[in-house]
Amino acid sequence: MELSTRYEPQEAEAAIYKKWLEAGCFTATPDDRTPYCITIPPPNVTGALHMGHALNHTVMDTLGRWKRMKGFNVLILPGTDHAGIATQAVVEKKIKAEERKTRHDLGRDEFLKRVWEWKDEYGTRIVGQMQRLGCGYDWDRLRFTMDESYASAILRVFEEFYKRGWIYLGERMVNWSPPFLSAISDAEVDNREEDGSLWHLRYPLTDGSGDIIVATSRPETMLGDTAVAVHPTDARYAKLLGKKITLPLVGREIPLLADDFVDPAFGTGAVKITPFHDPNDYEMGNRHGLERIEVIGPDAKMTAAAGAYAGLDRFEARKKIVADLDAQGFLVKVEPHRHVVPYCDRSGAVIEPRPSRQWFCKMAGTDLVDNAIQAAEDGSVNFVPGRYKEIYLRWMGNIRDWPLSRQLWWGHRLPVWRKIDADPEDSQSWICATTRESAIKQLGSEDILQSEDVLDTWFSSALWPFATLGWPEKSPSLSYYYPTSLLSTAQEILYLWVARMIMTGEEFMGEKPFDDVYIHATVLDEHGRRMSKSKGNGIDPVDLIELYGADALRFSLLREAGQRQDIRFKPIRDNRQEQVEQARNFANKIWNASRFVLMNLPTSPSPDSDPLTPSNGGTEVTSPPLLGAGGQMTGPGETLPDRWILSRLSGAIEAVDAGLGSYNMDDAARAAFSFFWDDFCDWYVEAAKPTLETDATRERVLFVLKEALKLLHPLLPHLTETIWQALPGETNTFLMNQPYPASGARDALAEAQFEIVQEIVTAIRALQAAHQLKKGGEAFVTPTDDARSVLLENAGLIEFLTRITLKVSPLAGTEGDGFLQPTRFGDVRLPRPESSPEATLAEKKRIESELLKIEKDLAGLNARLSAPDFAQRAPEAVVAKTRAQHAELLEKREKLTERLGQLG
RNA sequence: GGGCGAGUAGCUCAGUGGUAGAGCACCUGUCUUACAAACAGGCUGUCGGGGGUUCAAGUCCCUCCUUGCCCACCA
C-alpha cells in the first residue's frame, strides 16, 4: 500500500485536536506542581481573529505547551471581551445596513438583545478559530466580560474606588464621538496628521480703528468665539489690548485678551477663542471667565446659537461660513496647513471636543498609580522587550484622570443612583450602590433611577487576571494561579489595558497580576504598513490554515517572533504565501522523516500496514527504555554518528529552551529547524541507512526521532502529536504530556570527528558535481595526521554517503592525475575518467575560481597580520588563529597552483 | 513636536568587536533505502551614507538619509 508522501494537515489537525479535548488534556486543576498561568487577552466579539491574534495565540500556546512538558501545571484561561463601543458600533452598522434603523428606533432592550445575538455568534466563532490554531486552553473556564460573576467583580471594584474617593463627576473637555453620542477616552482617539487649511480671518475692531487677523483651522467655530487672545508681550498688539472686536457674521462684541498660552510666532499671533469647542480655548475661557457658546451640537450639527447656520452639519457649515466670510470681505487668505485631526477609532468620525459632565476615576497621586509605577520600577513586573518599561513609566508619570462613563448601551451600567427629581448635573445628587435595594436605602426613596451610562470597556478588562479566576470569591484557582505568569499582548494596548491591570491587581490582590509582560511584534504588510481592516491589507489567518495547516502558520510566525517591533508578512498571491509555505515544507519534512523511521521500526509490524494510521489491532511493540532516570538523555551511542547526533540534539535542546525561556521564539524555531533538517535528516538518517537492517540501528534512530518530536512539539503541535501516536506503544499516550527533553553534556570529540567526515564527504560531492561524474569510481584521500584514524574508521560511511570507493592513502600525491580538492583534513582526489579537453577546461575554471577566492581571503589576512600592533595588541588566540588560517590558505594555494600548472 | 525601533544577498530575516549567514528565488545535476513541498552542488553582498573609537567595526560612538510605530490640546 502506498503511503501519502505528503502531510495533509486538514484532517489530521482536526482529529488530533478532538482527541486532546476529549482526553481533557487542557483542563487545569490546582495541585502541588508549580503553576504556569496565562489569562489570554480576551478578543473583542466584534469579528474574526487577525494575524496579530494568530501571532499572539501561537506564542502563548507554544509557551504553554513547553511549560506543560517541563512539568508545570499549566492553565491558559480563554475568554472574550464585550468591547462596548466597538461591538455596539458594528451591530449598529449592521442594523442600519439591513433594516435602515438606528438603535433608537429599536429601543435599548431590543438593541441589547440584538447585540447579545451577535455576541453569541461571534464569540463561538472566535473560540472556533483559536481551536483551529491548536490552542490548548482550558475551555471549561471560558469567560466573558459580561458574565454574571464578572459583573459582580466590576460592581465591587467600582464601589471600592468610590469609597476611596477616586470616583467623581466632573466637567471636562472630552473627546466626543458624534456617531455614538458619547465621550470616549484619549486612548480611543486616533490622531491622524492631515493636510488641511489655515483660514486667515479679518476681525474688525468695534471702534473702527482697524482690525486683527486671526488664523484658524476650524472656521465654523468662529460663531462661538467669545474673545481673541494675543501674547501679553507681543508688541504688535500691545496698544490694542482692552479694545473690543465685532465678530463678523454674528455681530457680537468680544474682548481682545492677553494670555501666555498664545504663541506669537504662529499664524498672526492672534487666536480666536471658542471655549465650547476647543480644549485650549476651554482652559483659557476658564482663566478669563469667558462665556461658552455651543454652536455645534452633540450630533455635530450646528445649534440654534449658530443662527442662520443652524441644522447644518459642521462640515457643510464650514463651507458656507467660509463662503459668507469671503463674500463679506472677512476672508484674508487660505493657506495649506498640515495638522493633526482626532478621529474616533471605532466610528471613524472626527472627534468633536466638547465640555461634558462625565464620571472620572482619579489617577495621579493615588495608590493605583503609585503601586503600578513601583511594580515596574522594582522589576516585579518584567517587561519584554525591556524598552517597554520606560515607555510605560513615562506614560504613568504623566497620567491623567480616567473618564469612565460612556453614553452607550452595550456595557456595564454604572452603579450610581439618584432620586428622579434630583439634578443629574450635580454630583451631590448621586450615590454609589451595587443593588437597587441598597440605593433605595441610601437615598431614602423609592423614586430613584440608575445612571444610563455604561462603563468604559477597559474598566472591565482591567480586572481580567483575577476576575476570571473567581475574584471576589477566594477560589482555590485564584490563590493557586494568581499572580499569573505571563501577559502577552500587542503594544497598542499597553496603556489602555496593561497599565490598568497592574493598577487593579496591586489594589485588590495586593500583588502584581503577572510576572512578565511580553509585547509581541506588530504584523505589517509587505510594504511595511500596519495590517488593518480599514486599509484592507489584512490576511485572514484561517485562509492560511486552510492552505497550509495550523502548524505551518504557527511555525512561520514563530520564526519571526522575537523581540522585534514589526513582522512583515506577505499577502496570499495565487493561493501561495511564501513564509507559511516554507514552514509547511518543514512540516512535510518532519512527516516524511518520521514515515521513514516508521517503515524501519526495530520489530517490524506487517509491512503492508500504514504506520501513520493508528489501527485498532496494531501490533504491540514496546520501545526500549532509552530514557534514563532523571530525564537525562542516555541513548546508546555506539557509532560516531550516534554520539554526534546526541551531542547535536543536546545543543538543540539547549537552544530551544533558551529561546523559549527568553521570548526569543525565533531563535528556538531556527535551532529546531536546523537540528531536524540539517543534522537529523541530512546526516544522521542518511548515515543510518547502511546498517538499517539491524535492530540496533533502528532503535537508535527511533530514539532520536522521539526526542526530536518532543523537542518540536510546542512549535508544531498537531503534526508531532499525530506522528507520536502512530509510534509503536504510544497509541494511547500523548506527546503533549511527555516530559520535555533535557540537554546533556556536549560531546566535543564526536562533533569534531564527525566534522571531518562531513568535510571530506562534501569535498568529494563537490568534485563529483563539478565534473558531473557518474556514480561509482574511487576517491583518494591523503589525510592529515589527526584525521587519518577517523577517516579509516568511517570509510564505509563516507563511501555510502558519496557512492564511491574510498582509498585512504598515507602518502600525498601518489594517485597522480586527478581532480584535486584540498581540505582542512587532507587532500581529496578523484581520478579523471578520461582526459577530454572539456574536462580539463572545467577543472581549470574550477581551480581558478577557487584560487581567486583564496587570493581575496589572503589579502584580508595579510592586511591584518601586517597591520602595526596587531600581533601585540590582539589576543594571542586571535593572532594564532589568523596565522594558522594564513598558513592553511598558503598551502592550499600552492597545491592548487601546482595542479593548475600540471593541467597546462 | 517628543519618544522608540528598523535599514545586511532579488525576497523574508539571523548575526557575542576577530575572514559576512539561513530559507526562498536563481543556475547545474539527480527518481539515491522517507521526502521533487526533495536530494547534491553552485552563484549572489560598497552590511543605508559620511565621520570617529579600536590592532580589528555589520557589531561601539557621532551625524545625516530613508522607513515604521507609539505619544502629544498650539490655533
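Note that this is a predicted model, so its numbers are computed, not measured. Chain letters run A, B, ... following the sequence lines, proteins first and then strands; every chain starts at 1.
The side chain of A/Pro875 sits closest to B/G18 out of B/G18, B/A38, B/U12. Closest approach to the A/Asp263 side chain among B/A34, B/A75, B/C13 is made by B/A75 (side chain taken as heavy atoms from C-beta onward). Taking the side chain of A/Phe870 as heavy atoms from C-beta on, and the options B/A34, B/C55, B/G23, the nearest nucleotide is B/C55. With B/C35, B/C70, B/C39 as the choices, the nucleotide that has an atom nearest any side-chain atom of A/Asp682 turns out to be B/C39. Distances were taken from every side-chain heavy atom of A/Val271 (C-beta onward) to each of B/A75, B/A34, B/C24; the shortest belongs to B/A75. Distance from the side chain of A/Phe266 is smallest to B/A75 among B/U12, B/C69, B/A75. Out of B/U19, B/G23, B/A34, the shortest distance to the side chain of A/Gln885 is found at B/U19. Across B/U12, B/C55, B/A75, the shortest atom-to-atom separation from the side chain of A/Ala874 is found for B/C55. Listed nucleotides B/A34, B/C13, B/A37 differ in distance to A/Asn585; the shortest reach to its side chain belongs to B/A37. You'll find that the side chain of A/Arg387 is closest to B/G5, out of B/G5, B/C70, B/C43.
Rounded to a whole Å, the CG atom of A/Leu558 is 19 Å from the P atom of B/G23. B/U19 atom P lies 18 Å from atom CG of A/Leu890, rounded to whole Å. The distance from atom CG of A/Asp190 to atom C1' of B/C70 is 12 Å, rounded to the nearest whole Å. One can place CZ of A/Arg564 at 15 Å from P of B/G5, the figure rounded to the nearest angstrom. For A/Tyr495 and B/C69, the OH to P distance is 15 Å, given to the nearest whole Å. With rounding to whole Å, A/Phe676 atom CZ is found 14 Å from B/C35 atom P. Rounded to whole Å, the distance from CD on A/Gln563 to C1' on B/A6 is 15 Å.
Taking the centre of each ring, A/Tyr392 and A/Phe383 come in below the 6.0 Å mark.
Between the side chain of A/Arg670 and the base of B/A14 there is no donor-acceptor pair of N/O atoms closer than 3.5 Å. The base of B/C35 is not paired with the side chain of A/Asn588 by any donor and acceptor separated by under 3.5 Å. A donor-acceptor contact under 3.5 Å links the side chain of A/Arg584 to the base of B/A37. Judged by distance alone with a 3.5 Å cut-off, no donor-acceptor contact links the side chain of A/Gln582 to the base of B/A25.
Residue A/Arg394 has no polar side-chain atom (N or O) positioned under 4.0 Å from OP1 or OP2 of B/G3. A close approach under 4.0 Å does occur between a side-chain nitrogen or oxygen of A/Lys589 and OP1 or OP2 of B/C39. Not one side-chain nitrogen or oxygen of A/Arg595 sits closer than 4.0 Å to the OP1 or OP2 atom of B/A34. Side-chain N/O atoms of A/Trp395 include none lying less than 4.0 angstrom from OP1 or OP2 on B/C4.
In this structure, A/Trp677 reaches the sugar-phosphate backbone alone: every heavy-atom distance under 4.0 Å involves primed, P, OP1 or OP2 atoms, never a base. Within the 4.0 angstrom heavy-atom criterion, no nucleotide atom of any strand lies near A/Thr274.
Using atom P as the reference point in both B/C27 and B/C60, the two lie 38 Å apart (nearest Å). Rounded to the nearest Å, the gap between the C1' atom of B/A37 and that of B/G23 is 13 Å. Only the C1' atoms considered, B/G48 is 11 Å distant from B/U67, to the nearest whole Å.
Side-chain contact check for A/Lys853 versus A/Lys856: every heavy-atom pair is 4.5 Å or farther apart. Using a 4.5 Å heavy-atom cutoff, the side chains of A/Arg172 and A/Pro355 are not in contact.
Under a cutoff of 6.0 Å and an axis angle of 45°, A/Lys689 and A/Phe596 form a cation-pi pair. Judged by a 6.0 Å distance limit and a 45° cone about the ring axis, A/Arg584 is not positioned over the six-membered ring of A/Tyr548.
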Please report the C-alpha distance between A/Arg559 and A/Phe673 in whole Å, then the side-chain angles of each, then the deciding distance to 0.1 Å, and finally whether the side-chain contact (heavy atoms from CB on, under 4.5 Å) criterion is met. CA-CA 10 Å; A/Arg559 284 175 81 136; A/Phe673 178 93; 3.9 Å; yes
Derivation and outcome, side-chain contact (heavy atoms from CB on, under 4.5 Å), residues A/Val685 and A/Phe680: CA-CA 6 Å; A/Val685 171; A/Phe680 181 68; 3.7 Å; yes
